[in-house]
2 protein chains.
Amino acid sequence: MARVNPTEFAILGLLAEEPRSGYDIKKEVEERLSHFWSESFGHIYPMLRRLRKRELVEQKVERQEGRPDRKVYSITEEGRQALEAWFAEPSPPQRPRNELLLRIFMGRFADPEHLIRDVRAQRESFDAALAQLRAVQAHLDQAEEPHPDQLYWELTLDYGLRALEALTEWGQEAESKLRQLAQDEK
Amino acid sequence: MARVNPTEFAILGLLAEEPRSGYDIKKEVEERLSHFWSESFGHIYPMLRRLRKRELVEQKVERQEGRPDRKVYSITEEGRQALEAWFAEPSPPQRPRNELLLRIFMGRFADPEHLIRDVRAQRESFDAALAQLRAVQAHLDQAEEPHPDQLYWELTLDYGLRALEALTEWGQEAESKLRQLAQDEK
DNA sequence: CGCCGCATGTAAGAGGTTACATGATTCG
DNA sequence: CGAATCATGTAACCTCTTACATGCGGCG
């Protein structure tokens, strides 16, 4: 099977849950996948059109008053097959690109204060993400009856929690080491 | 300051250490930055040309016999200023895209065996990376006289170690939970 | 003999973001 | 009154990878 566009399958996967508009898809990504995924409108809408041409999704137009028509897409049988084929293919290795680490690696050429600022900003965003994931976790835990997809959600959640816990610690240590360096330089 | 291409600064940073050819740059990225960065020839060569046009780097041709000329680039004063300006700008937030987690999140539509295969492959690559980073760490630790850039290298190393340690554990647990699920389904 | 390392580059295209355009409704 | 939400889309642009083209020298 040929190389594959992951956005295609993010969309197909969400439509396999239930029919949705492009706008809905964006919202779902933001609300439920945002700690490991992102999509923009400028990518979603053209992709839906392409998927439709390939008959992996179907469109139904819902008339609305006072606002544009809602175009609701649902996955077709062929779409489900494409989704299965995607899973059958092993997931390709990711190539890393972490700009913060690039900066730190080149740190010799920087003002240490700038590095401190960046590490700190990163740590703060880790903290915020961590708080959010913990809230989601609490929410999942207290459900009386577990959702059928619970295990899958927990696995992605757990990935995020473990990574973020480790990395906030890193952030604290990194910050204090850089502060010391900045001190020593004076 | 306008939006910025990080590849530009990866290259500029390496040339600030010492003059190098495009081929050298690729090698350095592979050998020293590969746990958080990557570049391809198809990006490096055109970028060097652009940097040269903007006079951020200079080219010197080294004649060689039996193989193509080596074009060695060095950073100019303007290049150093551009590098500084890059550091002054706060590093932009990264948008996450983790295909493995996307798959797991959509796990309902997959054969659990496929997920297990993917998680396992990921864990194995984490393990390999971890072993490599530990070797680098051992190497740094045993140096009699620390390199001036030691702190920066250690920080990026430490980031990788912490993240990978947390994530190999995740991988083990995820795999066993998915195995259980696969059992239960039979 | 074939592969690896050395060395440079181009062309095609995939993949993705940002900014723009449009406009009604609802909430504070 | 302004901002956010709902709702769809396009165009320009940037970034980056893959595949191709070329060719010598050294090693096993």
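Every chain is numbered from 1, with letters handed out A, B, ... down the list of sequences. Note that the structure is a prediction, hence the values are computed from the model and not measured. The basis for the numbers below is simple: all heavy atoms, side chains too, and nothing from hydrogens, waters or symmetry mates.
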#### Entry: A/R97 side-chain N/O to D/dT15 phosphate OP1/OP2 under 4.0 Å
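Checking D/dT15 against A/R97, no side-chain N or O comes under 4.0 Å of OP1 or OP2.
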### Message
Less than 4.0 angstrom between a side-chain N/O of A/T7 and OP1 or OP2 of C/dG15, yes or no?
### Response
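Negative; the distance criterion is not met.
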Check for a donor-acceptor pair, side chain of [X] on one end and backbone N or O of [Y] on the other, with a separation under 3.5 Å.
{"X": "A/D24", "Y": "A/S21", "value": "yes"}
{"X": "B/R123", "Y": "B/W170", "value": "no"}
{"X": "B/R80", "Y": "A/F109", "value": "no"}
{"X": "B/R103", "Y": "A/W86", "value": "yes"}

### Query
Going by heavy atoms closer than 4.0 Å, what residues in residues 46-53 of chain B are next to DNA chain C?
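Residues of residues 46-53 of chain B under 4.0 Å from DNA chain C: B/R49.
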Whole Å only: how far is the [atom1] atom of [X] from the [atom2] atom of [N]?
{"X": "A/F9", "N": "C/dG16", "atom1": "CZ", "atom2": "P", "value": "12 Å"}
{"X": "A/F41", "N": "C/dC20", "atom1": "CZ", "atom2": "P", "value": "17 Å"}
{"X": "A/Q59", "N": "D/dT8", "atom1": "CD", "atom2": "C1'", "value": "11 Å"}
{"X": "A/E62", "N": "D/dT8", "atom1": "CD", "atom2": "C1'", "value": "14 Å"}
{"X": "B/I44", "N": "D/dC16", "atom1": "CD1", "atom2": "P", "value": "11 Å"}

Is there any protein nitrogen or oxygen under 3.5 Å from a nitrogen or oxygen in nucleotides 4-7 of chain D, and what are the pairs?
{"residue": "D/dC6", "atom": "OP2", "partner": "A/Y23", "partner atom": "OH", "Å": "3.1"}
{"residue": "D/dC6", "atom": "O3'", "partner": "A/R67", "partner atom": "NH1", "Å": "3.2"}
{"residue": "D/dA7", "atom": "OP1", "partner": "A/Q64", "partner atom": "OE1", "Å": "3.0"}
{"residue": "D/dA7", "atom": "OP1", "partner": "A/Q64", "partner atom": "NE2", "Å": "3.2"}

### Task
Rounded to 10°, tell me the angle between the two end axes of the helix from C/dC1-D/dG28 to C/dG28-D/dC1, each built from five pairs.
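Both end axes considered, the difference amounts to 50°.
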### Message
Rounded at 0.5 Å granularity, tell me how far CE in B/M106 sits from CG in A/L14.
### Response
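Interatomic distance, B/M106 CE to A/L14 CG, rounded to 0.5 Å: 4.5 Å.
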### Query
Of the nucleotides D/dT17, C/dG16, C/dG9, which one has an atom closest to the side chain of A/H43?
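So the side chain of A/H43 is nearest to C/dG16.
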### Query
For B/S38 and B/V29, which heavy atoms make the closest approach, and how far apart are they?
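Heavy atoms only, the tightest pair is CA-CG1, 3.9 Å.
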### Message
I'd like to check the salt bridge (Lys or Arg N to Asp or Glu O under 4.0 Å) partners of A/D111; sequence neighbours left out, ordered by chain and number.
### Response
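Counting only residues at least two positions away or on another chain, A/D111 forms no salt bridge (Lys or Arg N to Asp or Glu O under 4.0 Å).
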### Query
Apart from A/V72 itself, which Ile, Leu, Val, Met, Phe, Trp or Tyr residues share its cluster (side-chain heavy atoms under 4.5 Å, direct or through members)?
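Once heavy-atom contacts under 4.5 Å are chained together, A/V72 still belongs with nothing else.
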#### Entry: Matching residue for B/F105 among A/Y152, A/F36, A/W37, A/Y159 - test: ring-ring contact (aromatic ring centres under 6.0 Å, His included)
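Of all the options given, the one that passes is A/F36.
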### Task
Check whether the side chains of A/T168 and B/R162 place a donor and an acceptor atom closer than 3.5 Å, and report yes or no.
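Their side chains do not contain a donor-acceptor pair, so the 3.5 Å distance test is not met.
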### Task
Taking side chain to side chain contact (heavy atoms under 4.5 Å, CB included) as the test, write out the residues that go with B/T76, two or more places apart.
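Only B/E58, B/E78 meet the side chain to side chain contact (heavy atoms under 4.5 Å, CB included) criterion with B/T76.
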